[in-house]
S.K.: 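Just dropping this structure here.
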Number of protein chains: 2
Amino acid sequence: MAARMTRQRTAVVEALDEIADFRSAQQLHETLRARGESVGLATVYRALQALAEASEVDVLRAEDGESLYRRCARREHHHHLVCRMCGRTVEIDGPTVEAWASKVAAAQGFDDIEHTIELWGTCADCRATAAS
Amino acid sequence: MAARMTRQRTAVVEALDEIADFRSAQQLHETLRARGESVGLATVYRALQALAEASEVDVLRAEDGESLYRRCARREHHHHLVCRMCGRTVEIDGPTVEAWASKVAAAQGFDDIEHTIELWGTCADCRATAAS
DNA sequence: CGATCTTTGACAACGGTTCTCAACAGGCGT
DNA sequence: ACGCCTGTTGAGAACCGTTGTCAAAGATCG
């Protein structure tokens, strides 16, 4: 059960530290391969899974269902505004929304409440690129 | 391009009308089969797709990525509080949240904004069942 | 009724993710 | 330093929800 620090896990964490945007496991795998780090795809998935479980990375689902990962600046609970084209991300928090969510859910007799609040859009750069 | 009203499409719509909770395409297919209506799985998927496109049904992604469908009472924009065990659903709207979302996104220079706001929990009934 | 043209359905294909299992390598004890 | 023990790796298979294929079936119109 002791988490060993292997070359592969280190590589995944380092890659995440350098990338500011949300990326899929496959994109990350691609990146590692490209920079010469030989890491298996399954290993990337496992590393991300472990990191997510330890709250070291945030996970969210793209509109097509693919999982995207990101190492966030703050470890506290927060949400994201993500560019659906390039993955560019802005961290957001909404104290108002949090309160609203738990109040509404509790009023209906629901327990173990969890909420998904994500904002998707097209960032200024991508809009410019798409226009050309 | 003219949408023909076939036996299969009618069956899917009728099933949705009778079920108040979010269900997956496969569950719906199962239900139709069980009641004697012979409908192909691909057809169920296509029917749901068409209905979703016409805003006749709401779609949302379960935590494992599966798509869930539901015929909602109101066609206007709204959100859901869903029981993650049985799919039981309560429709919700949050005018405050809507305003907050678009304001935040616009402030960051993002366009074509879309937001995902869903609440997950365990309903009173399922909690009781799980405890026994 | 017949012609036309969409829809159907069994099955294959797809894409992301997880599983399998033998080879491998941290890291602790000596 | 050396081995051993045990967690980890990786190539490929398996999985599972979903979409594509294409010949046969059926809805609609004249």
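Sequence lines set the chain letters: A, B, ... in the order given, protein chains first and strands last, and positions in each chain run from 1. Please read all numbers here as calculations on a predicted model, not as lab measurements.
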S.K.: How bent is the helix from C:dC1-D:dG30 to C:dT30-D:dA1, measuring the angle between the end axes built from five pairs each, rounded to 10°?
M.R.: 30°
S.K.: Look at the side chain of A:Thr43 and the backbone N and O of A:Val39, then say whether any donor-acceptor pair between them is shorter than 3.5 Å.
M.R.: no
S.K.: In this structure, would A:Val97 and A:Val90 fall into the same cluster of hydrophobic residues linked by side-chain contacts under 4.5 Å?
M.R.: yes
S.K.: Before we go on, tell me: are the rings of A:Phe22 and A:His80 under 6.0 Å apart, centre to centre?
M.R.: yes
S.K.: Could you identify which residues of residues 15-39 of chain A place a heavy atom less than 4.0 Å from some atom of DNA chain D, listed by residue number, or say none?
M.R.: A:Arg33, A:Ser38, A:Val39
S.K.: The test is side chain to side chain contact (heavy atoms under 4.5 Å, CB included); show your working for B:Thr96 and A:Trp100 and say whether it passes.
M.R.: CA-CA 9 Å; B:Thr96 324; A:Trp100 167 80; 5.6 Å; no
S.K.: Quick check, are the ring centers of B:His115 and A:His79 under 6.0 angstrom apart?
M.R.: no
S.K.: Check whether any side-chain N or O of B:Gln8 sits under 4.0 Å from OP1 or OP2 of C:dG9, and answer yes or no.
M.R.: yes
S.K.: Under 4.0 Å between a Lys/Arg side-chain N and an Asp/Glu carboxylate O for A:Arg23 and A:Glu66?
M.R.: no
S.K.: So, are A:Asp17 and A:Arg71 salt-bridged, with charged N and O less than 4.0 Å apart?
M.R.: yes
S.K.: A:Val57, A:Val12: one ILVMFWY side-chain cluster at the under-4.5 Å cut-off?
M.R.: yes
S.K.: Strictly below 4.0 Å: does B:Ser67 bring a side-chain N or O up to OP1 or OP2 of D:dG17?
M.R.: no
S.K.: Applying side-chain contact (heavy atoms from CB on, under 4.5 Å) between A:Tyr69 and each of A:Val44, A:Leu60, A:Val59, report the one that passes.
M.R.: A:Val59
S.K.: Does a side-chain N-to-carboxylate-O contact under 4.0 Å join A:Asp112 and B:Arg84?
M.R.: no
S.K.: Quick one: on DNA chain D, does B:Arg7 or A:Arg7 contact a more 5' nucleotide (nearest heavy atom)?
M.R.: A:Arg7
S.K.: Who passes side-chain hydrogen bond (donor to acceptor under 3.5 Å, both in side chains) against A:Arg70, sequence neighbours left out?
M.R.: A:Glu91
S.K.: Could you pull out the protein-nucleic contacts involving nucleotides 19-21 of chain D (nitrogen or oxygen on both sides, under 3.5 Å)?
M.R.:
unit_1: D:dT19; atom_1: OP2; unit_2: B:Gln49; atom_2: OE1; d: 3.2

S.K.: Rounding to an integer number of Å, can you tell me how far A:Leu48 CG sits from D:dT8 P?
M.R.: 15 Å
S.K.: Once you round it to whole Å, what is the distance between C1' of C:dT17 and CZ of B:Arg61?
M.R.: 14 Å
S.K.: What pair of heavy atoms forms the shortest contact from A:Cys86 to A:Cys123, and how long is it?
M.R.: SG-SG, 3.9 Å
S.K.: I'd like to check the side-chain hydrogen bond (donor to acceptor under 3.5 Å, both in side chains) partners of A:Arg75; sequence neighbours left out, ordered by chain and number.
M.R.: A:Glu56
S.K.: Taking only side-chain N and O atoms of B:Arg9, does any of them lie within less than 4.0 angstrom of OP1 or OP2 on C:dT8?
M.R.: yes
S.K.: Can you give me the N/O atom pairs linking the protein to nucleotides 27-30 of chain C at distances under 3.5 Å, or say none if there are none?
M.R.:
unit_1: C:dG27; atom_1: OP1; unit_2: A:Met5; atom_2: N; d: 3.4

